[in-house]
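What follows is a short report on a single structure.
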There are 4 protein chains.
Amino acid sequence: MLNKVILIGRLTKEPDLRYTTSGIAVAKFTLAVDRRFSKDREKEADFIDIVVWQKQAETCANYLGKGRLVAVEGRLQIRSYDDSQGIRRKAAEVVAENVRFLDRAKESGAVAGENQGYGSEIGFNEDDIPF
Amino acid sequence: MLNKVILIGRLTKEPDLRYTTSGIAVAKFTLAVDRRFSKDREKEADFIDIVVWQKQAETCANYLGKGRLVAVEGRLQIRSYDDSQGIRRKAAEVVAENVRFLDRAKESGAVAGENQGYGSEIGFNEDDIPF
Amino acid sequence: MLNKVILIGRLTKEPDLRYTTSGIAVAKFTLAVDRRFSKDREKEADFIDIVVWQKQAETCANYLGKGRLVAVEGRLQIRSYDDSQGIRRKAAEVVAENVRFLDRAKESGAVAGENQGYGSEIGFNEDDIPF
Amino acid sequence: MLNKVILIGRLTKEPDLRYTTSGIAVAKFTLAVDRRFSKDREKEADFIDIVVWQKQAETCANYLGKGRLVAVEGRLQIRSYDDSQGIRRKAAEVVAENVRFLDRAKESGAVAGENQGYGSEIGFNEDDIPF
DNA sequence: TTTT
DNA sequence: TTTT
């Protein structure tokens with residue numbers, strides 16, 4: 001019913017951009033999200049796979065690289081599949097709805113994450129609120 | 001850059017549905033969101049104003065009433081305005097992106113919250129992932 | 001840095017309650033979180049593993065059962081391990097910080113969700129998981 | 001029941017640090033959170049008041065200044081009060097549970113965000129706010 | 001492997 | 001398998 005994930009972390013390497021047979025862009029990358037433990041504990045991270053679709057996939061591939069800091073908003077998806085050895089496996093990945101770039105782009109000031117979801121962003125005028 | 005609010009609470013009364021001059025539906029209601037304090041403290045709630053636009057506004061008006069339990073996902077919006085006495089005021093409201101009904105509807109089993117944001121929900125086939 | 005997951009879904013069966021060798025309660029259960037697709041698509045769900053620690057683990061075990069509706073707030077944790085066949089696997093689970101009961105308890109009106117911070121911050125050893 | 005806010009934005013000025021009569025640190029600052037609209041629309045922001053308690057309040061006061069980029073996780077709180085002219089007003093603020101510094105600190109590499117749970121759960125009196 |  |  002509700003499935004919301006919000007992460008801030010750094011890319012472990014360049015995004016991997018591909019296209020489905022029907023021509024839709026998909027990018028994948030892994031986010032290192034540091035855990036915060038007591039100081040004496042080893043610094044650890046969760047390495048979380050991110051999937052981005054369509055135009056945002058291409059923007060991520062164009063502007064993101066290893067070490068870049070991003071905020072990802074999406075949903076947690078659990079997929080079952082058989083690997084190359086025929087072993088049944090489960091894959092967890094966050095399907096990104098929005099990716100925000102939190103440090104400066106390498107070659108440009110570009111910003112990803114066109115957000116098309118909010119009512120107030122679809123172009124009607126909020127000054128015209130009837131309350 | 002990121003502005004995400006997730007609330008679970010109960011409507012304090014029926015939603016108020018109106019239309020902008022350009023014909024767009026807007027519903028408003030207030031959510032009572034209980035705080036969790038130590039047992040000895042008064043039980044209190046935050047009363048948070050919710051704004052819903054377009055088709056979801058009408059679904060909320062049709063199916064929600066006083067006391068109904070909902071989950072709201074949206075963004076926090078701060079608006080400045082002058083009240084009827086000419087006093088400058090700030091209004092805080094959560095602009096809902098999705099409203100989920102968490103208990104049974106009074107007159108129907110209807111469900112609001114058509115979600116149009118996620119890539120995987122826009123109709124391409126995830127079995128066709130090129131990874 | 002930031003790792004936040006919020007889910008609403010139904011338990012697929014009773015929680016499994018165990019204790020670490022040092023006597024700390026841990027409960028596990030799976031949440032079925034329905035995806036929302038276009039009407040013509042199969043209704044599907046993500047089946048997401050939840051881990052709960054300490055007092056909340058016992059509250060969940062006492063009051064939750066198959067089909068119960070809950071809201072879970074926590075963080076996404078990726079663990080690597082070797083399964084019984086010696087195959088390296090990754091497990092994804094949501095470590096719950098709070099579990100809210102959204103429908104009536106079977107035998108009582110009890111409410112869980114005492115917020116004590118993350119299990120992993122109170123000093124017990126997560127390598128000591130009895131699963 | 002659930003009241004979760006996650007924001008990323010920039011401080012509009014230095015945090016204002018005070019102490020309650022019982023000696024508890026409280027910091028307040030305003031976060032400018034850019035909205036994302038269609039390109040032709042004015043760039044706008046929501047200016048959201050943040051309250052931080054205890055040790056994090058002092059860390060924020062020590063390390064944050066105007067323009068700094070932070071992620072705030074907290075809950076939305078609506079307070080009613082009478083202003084200096086005796087006019088009843090409502091104030092909305094986000095009570096921060098965690099503040100993460102997303103760009104480099106001015107004078108140090110310090111990191112805030114020790115997670116101690118909500119201020120309001122540790123027993124001090126929120127009516128005793130020195131603002 | 002699965003919930004309503 | 002991994003980021004700063």
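Just so we're clear, the structure is a prediction, and the values are computed from it rather than from any experiment. Heavy-atom basis, side chains included; hydrogens, waters and symmetry copies ignored. Labels below follow one simple rule: chain letters A, B, ... track the order of the sequence lines, proteins then strands, and each chain is numbered from 1.
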Name all residues meeting the side-chain contact (heavy atoms from CB on, under 4.5 Å) criterion together with D/K13; count only those two or more places apart in sequence or in a different chain, and write none if there are none.
-> none

Electrostatic pair C/K4-D/E73, nearest N-O below 4.0 angstrom | yes

Shortest side-chain distance from C/F47, nucleotide among E/dT3, F/dT3, F/dT1 = E/dT3

Over how many whole Å does the gap from A/D46 atom CG to F/dT1 atom C1' extend?
-> 15 Å

Integer-rounded Å distance: E/dT1 P and C/D49 CG = 12 Å

Tell me: CG of B/D103 to C1' of E/dT4, nearest whole Å?
-> 14 Å

Of the listed E/dT1, F/dT3, E/dT4, the closest approach to the A/R88 side chain comes from E/dT1

Mind calculating the distance between CG (A/L69) and P (F/dT2) to the nearest angstrom?
-> 20 Å

Using distance alone, with no hydrogens and no angle criterion, decide if C/E58 and C/Y19 have a side-chain donor and acceptor under 3.5 Å apart.
-> yes

Return the nearest nucleotide to the side chain of C/T30; candidates are F/dT3, F/dT1, E/dT2.
-> E/dT2

Okay, side chain of A/R18, backbone of B/P130: is any donor-acceptor separation there less than 3.5 Å?
-> yes

side-chain contact (heavy atoms from CB on, under 4.5 Å) involving C/D46 - partner list, sequence neighbours excluded = A/N3, A/Q77, A/I78, C/R35, C/I48

A/R10 side-chain proximity, nearest of E/dT3, E/dT1, F/dT3 = F/dT3

Value in whole Å for how far the P atom of E/dT4 lies from CG of C/L64 = 14 Å

In whole angstroms, how far is the C1' atom of E/dT3 from the CG atom of C/L102?
-> 14 Å

When you measure from the side chain of A/K13, which nucleotide among E/dT3, F/dT1, F/dT3 comes out closest?
-> F/dT1

Could you check whether C/G9 gets within reach of a base, just the sugar-phosphate, or nothing at all, counting any heavy atom under 4.0 Å?
-> nothing

When rounded to whole Å, the CD1 to C1' distance for the pair C/I48 and E/dT3 reads 12 Å

Could you state the atom-to-atom distance from NZ of C/K66 to C1' of E/dT4 in whole Å?
-> 11 Å

